[in-house]
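Right, one structure below, let's go through it.
Every value quoted in this text rests on a predicted model; they were computed, and no experiment measured them.
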Amino acid sequence: MTAGGARAVRFDRYGGREVLYVADVDMPRPGPGEVVVEVRAAGINPGEAAIRSGAMHEMFPATFPSGEGSDLAGIVTEVGPGVSEFALGDEVLGFSLRRSSHATHAAVPVGQLIRKPPRLGWEVAGSLYVVGVTAYAAVRAVAPQPGETVGVSAAAGGVGSLAVQLLVLREARVLGIAGPGNADWLRAHGVTPIPYGNGLADRLHEAAPAGIDAFIDLFGPDYVQLAVDLGVAPERIDTIISFQKAAEVGAKTEGSAEASTPEVLAEMADLVTSGAIDFEVAATYPLDRVADAYEELEKRHTRGKIVLLPTDSH
């Protein structure tokens, strides 16, 4: 990093992890209503890998050279015109909508930040946004009532592990579809584990002979169809990934876009800080090892978040 400069993850073309590199860049400057955040932690997410590969080009086209990253937590180092909400040295967490958080510094509008609770660690704070608001939106979309049965696919993943806990807090009976290695974790959090794979429909029938009231899909279109086949009303099915299938059957597609507000983020931060929800960090990586971080993420067997630490967090 040059004097007065910053470092940021970049890619110049669509492709695999090999297109990622870390570049020396100009220090961002805050515009009106913005602050510059020295990023202590920034979570990584499957959607970023999909954008980088070109799989999301129609919905989220990249302009090259492209940065990446939404989640962030850090310290305010510069304040733009008209900002009264934060001051130099404030610890904050939030999100960038400019694909810019995988960097040592990012300029962020103040409406996308909240104060970091003192007892919330940097790694958790910096990876809470995407999974936190997505889980919140998905649960809100299916409107669980106490005593109802709700199925969740990819129940032990980044979003799933939070969604099932939110459902339990709402006193729903949760059927968590996941690999057998996650069964103990699910049971410990009040969730009935259901192994995925052949015979899944029969296992769900056996676990809920009276039927399933709502379903959250966090993995793929086959689960949306399964929910329909099991008799779940389309308006009580929400998917964050299977948009075409949702359109076919009339299911909801509410995710991070529907809940990206400081209020929702603050509610999720309070739930994690208080211990009402467990939030696990699976691994941390320095910025230079961003490709290694995505290699671990793309195995799709990680429970908890993988987090970049762009600057020294001590």
Side-chain angles (χ1 to χ4, degrees), residues 41-53 55-56 68-73 93-96 101-102 120-141 150-169 174 176-179 181-183 185-186 188-189 191 193 196 216-220 223 238-242 253-260 264-265 267-269 271-273 276-285 290 292-309:
I44 70 172
N45 297 282
E48 293 147 5
I51 290 172
R52 180 249 300 152
S53 72
M56 302 288 284
E68 67 171 17
S70 300
D71 295 337
L72 62 89
L93 68 99
F95 55 97
S96 166
S101 74
H102 293 173
L120 196 64
W122 284 116
E123 292 88 351
V124 173
S127 56
L128 180 60
Y129 161 63
V130 169
V131 291
V133 303
T134 303
Y136 185 100
V139 170
R140 182 175 62 186
V150 184
V152 181
S153 64
V159 176
S161 60
L162 298 185
V164 296
Q165 293 183 77
L166 288 172
L167 290 164
V168 170
L169 286 175
V174 187
I177 302 166
N182 292 301
W185 185 91
L186 290 167
H189 290 81
V191 179
Y196 60 68
I216 295 173
D217 165 50
L218 307 174
F219 192 85
Y223 286 104
D238 187 68
T239 178
I240 67 165
I241 193 168
S242 309
T253 56
E254 295 183 19
S256 62
E258 285 72 29
S260 291
V264 170
L265 188 57
E267 184 173 342
M268 292 301 298
L271 287 169
V272 174
T273 303
I277 285 181
D278 279 346
F279 189 102
E280 298 186 29
V281 173
T284 60
Y285 289 85
V290 60
D292 294 335
Y294 276 101
E295 181 178 15
E296 182 166 347
L297 177 81
E298 289 165 24
K299 293 175 183 175
R300 300 192 76 169
H301 291 296
T302 303
R303 185 175 65 241
K305 292 296 295 180
I306 300 170
V307 187
L308 296 177
L309 304 179

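For the pair L167/I216, a side-chain contact is recorded, criterion being any heavy-atom separation below 4.5 Å from C-beta on. Between I51 and E68, every side-chain heavy-atom pair lies at or beyond the 4.5 Å cut-off. Side-chain contact between V164 and W185: present, with at least one pair of heavy atoms (C-beta onward) separated by less than 4.5 Å.
Residues V174 and V191 approach most closely at O-CG1, 3.5 Å, considering heavy atoms. S127 and G43 make their closest contact through CB-CA, 3.7 Å (heavy atoms, listed as atom of the first residue, atom of the second, distance). Minimum heavy-atom separation, A155 to G176: CB-CA, 3.5 Å. The two residues A293 and Y285 make their nearest non-hydrogen contact at CB-CD1, 3.6 Å. The two atoms that bring Y196 and I177 nearest to each other are CB-CG2, 3.7 Å, heavy atoms only. Of all heavy-atom pairs between Y129 and S256, the closest is OH-CB, 4.4 Å.
Among pairs with a residue in residues 155-167, none fulfils side-chain hydrogen bond (donor to acceptor under 3.5 Å, both in side chains), at least two apart in sequence or across chains.
Not counting sequence neighbours, S70 has no partner by the side-chain hydrogen bond (donor to acceptor under 3.5 Å, both in side chains) test. Listed by chain and residue number, S153, T239, S242 satisfy the side-chain hydrogen bond (donor to acceptor under 3.5 Å, both in side chains) test with D217 (two or more places apart in sequence, or in another chain). Under the rule for a ring pair (Phe, Tyr, Trp, His ring centres under 6.0 Å), F279 has no partner lying at least two apart in sequence or in another chain. Residues meeting the side-chain hydrogen bond (donor to acceptor under 3.5 Å, both in side chains) test with T284, sequence neighbours left out: none.
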Pair up each side-chain donor or acceptor in residues 130-141 with any protein partner under 3.5 Å, not counting sequence neighbours, and list the distances.
{"residue": "T134", "atom": "OG1", "partner": "V130", "partner atom": "O", "Å": "2.5"}
{"residue": "Y136", "atom": "OH", "partner": "E267", "partner atom": "OE1", "Å": "3.4"}
{"residue": "R140", "atom": "NH2", "partner": "E258", "partner atom": "O", "Å": "2.8"}

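With rounding to the nearest 0.5 Å, the separation of CG in L72 from CH2 in W122 is 10.0 Å. The CE atom of M268 lies 10.5 Å from the OG1 atom of T273; values are rounded to the nearest 0.5 Å.
When each of D71, L297, I44 is paired with K305, the side-chain contact (heavy atoms from CB on, under 4.5 Å) condition holds for D71 and for no other.
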Given the rule in the side chain to side chain contact (heavy atoms under 4.5 Å, CB included) test, do L169 and I277 qualify, once you have shown the distances and angles that lead to the verdict? CA-CA 9 Å; L169 286 175; I277 285 181; 4.0 Å; yes
